[in-house]
Number of protein chains: 2
Amino acid sequence: MAEAVPAAPAGSKSEQAYALIKARIVEGTYSPGHRLVLARIAGDLGVSVVPIREAIRRLEAEGLVTFERNIGATVAGIDPTEYLYTMQTLSIIEGAATALSSPLLGAADIARARGVNEEMRACLEDFDPVRFTRLNQEFHSVLFEHCPNPHILDLVHRGWNRLASLRSSTFRFVPGRATESVDEHEALLRLIESQADADAIEKAARLHRSATLDAYLAQSSAADSS
Amino acid sequence: MAEAVPAAPAGSKSEQAYALIKARIVEGTYSPGHRLVLARIAGDLGVSVVPIREAIRRLEAEGLVTFERNIGATVAGIDPTEYLYTMQTLSIIEGAATALSSPLLGAADIARARGVNEEMRACLEDFDPVRFTRLNQEFHSVLFEHCPNPHILDLVHRGWNRLASLRSSTFRFVPGRATESVDEHEALLRLIESQADADAIEKAARLHRSATLDAYLAQSSAADSS
DNA sequence: CTCCTAGGCTTCGTATACGATTTCGTACTG
DNA sequence: CAGTACGAAATCGTATACGAAGCCTAGGAG
């Protein structure tokens, strides 16, 4: 039998709270810097503050919110330095995950990734940063999702989450990067198809992300001096 | 003026609990598989269960304990597969951290690392795995602690913590690895001194750890077939 | 006019209490 | 004798309540 209650998404209230707050952060309802007051959220969800506390602490551990004792929690993000650190970390982790995952990719996976990338290419004219970013995530997911090491996979997911939370997709700021990105995707796919050694794949995947970061940095430093 | 209370180690009880439980896990008082009952720990510390819950959840986020809803928390560890995953992840993260940190190392740091390594070498005869492991951590700490990216640094620390929690140091099982390890340390130091490029340093640091892992795997598969 | 101090208000931190869920032991039945 | 069902104990999950620590506003002194 299914659950009697139709809208009983998660088991515990902590988890519901966790999922909801996270969703609101990623989706932008709670923008960076927003203060997360326990009592208010508790009221919103119709639960007590205790589960909310737990949810917030979990989000803190993931880096989505910052928390100060006796002060409260605020949505993390914004800070360009933070963006830099996250991207750099992700370049390393994602590169490794992609390399570890590549031997396990079948022809179907490659085809799927290539399909997504073609969609991205089509998306280049009449450019939509949000859609492009979503496709970008889907593309890379196909490549790293087979990573046999769950820890690394988890770290990749966390990195993507953090990037999602500061929803300013890089491509919004540096649209010129999108074209290169699509080309690099294709090159990466060829590398994987040709069973290149893990080292080469890792380096390519890492550089792909580093290049995005560099483009962002160049852009923002140019904007600074304006 | 200093604190009035002499034994007020941490600010909040959650943090005290966190520190204490973590210490007990790392030190081995709570061995892997041990059930962590909230009420019992709360009693031990003379506090209520609420702060304990928070502490446990934090430890869960770090991977030191596993937690099942309505079941309870148990100290993680043991599982050889888990060890493998952790070592592999750490090899990647620590390699990157060491490479990023290397340009920031001064002559004093190198000297200190070399000193520790010489202590390790001296330690080889009349071998003491525990002491050796401690020195090993100190050696690597010197090398990666200057890593400018706090996220990566944090991940390295978490990795080391996890390894510490399954306190069976590799060197206890594979004493033969210790000698090679010391030599590789010296090679790594030379690489850093010669301002080798980051890529070479990263690769060396990663391989150093992978080799330890491989030695462990070889050892344990040999033990399996006995 | 400015700076310092006092009080209240907001919000977090923790204790206690009670309901929910799981597990284990025991008795009953086929 | 084996398997199942019931019930009690243990443990987790959450609500409520109260105390503690920051912050903000108002009032007075220099």
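Reminder, nothing fancy here: chain letters follow the sequence lines and each chain counts from 1.
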(request) Any chance you could measure I152(A), atom CD1, to I92(A), atom CD1, to the nearest 0.5 Å? (result) 12.0 Å
(message) Tell me which one of L36(B), T29(B), T66(B) satisfies side-chain contact (heavy atoms from CB on, under 4.5 Å) with V75(B).
(response) L36(B)
(message) In this structure, how many angstroms lie between the C1' atom of dC12(C) and the CD atom of E60(A), rounded?
(response) 14 Å
(request) Would you indicate, yes or no, if dG13(C) has its OP1 or OP2 atom less than 4.0 angstrom from a side-chain nitrogen or oxygen of S14(B)? (result) no
Between side-chain atoms of residues 96-104 of chain B and protein atoms elsewhere (two or more places apart, or another chain), which donor-acceptor pairs fall under 3.5 Å?
| unit_1 | atom_1 | unit_2 | atom_2 | d |
| --- | --- | --- | --- | --- |
| T98(B) | OG1 | E94(B) | O | 2.8 |
| S101(B) | OG | L143(B) | O | 2.6 |
| S101(B) | OG | H146(B) | N | 3.4 |
| S102(B) | OG | A99(B) | O | 2.8 |

(request) Please round to 10 degrees the angle between the axis of the first five pairs and the axis of the last five pairs in the helix from dC1(C)-dG30(D) to dG30(C)-dC1(D). (result) 10°
(message) Heavy atoms only, 4.0 Å cut-off, all strands: where does L36(A) land among base, sugar-phosphate and nothing?
(response) sugar-phosphate
(message) Tell me the interatomic distance from E68(B), atom CD, to dG13(D), atom C1', rounded to whole angstroms.
(response) 16 Å
(message) Counting only side-chain nitrogens and oxygens, does R53(B) get under 4.0 Å of the OP1 or OP2 atom of dG13(D)?
(response) yes
(message) Among dT16(C), dG13(D), dT14(D), which nucleotide has an atom closest to any side-chain atom of P51(A)?
(response) dT14(D)
(message) Both V50(A) and I71(A) contact DNA chain C. Taking the nearest nucleotide for each, which residue is further toward the 5' end?
(response) I71(A)
(message) Looking only at the side chain of V37(B) (C-beta and beyond, no hydrogens), which of the listed nucleotides dT11(D), dA15(D), dT16(D) gets closest?
(response) dT11(D)
(message) Rounded to whole Å, how long is the line connecting atom CD1 of I56(A) with atom C1' of dT11(C)?
(response) 13 Å
(request) Nearest whole angstrom, please: distance from the P of dT16(C) to the CD1 of I52(B). (result) 13 Å
(message) Both conditions, 6.0 Å and 45 degrees, for the charged tip of R134(A) above the ring of W160(A): are they met here?
(response) no
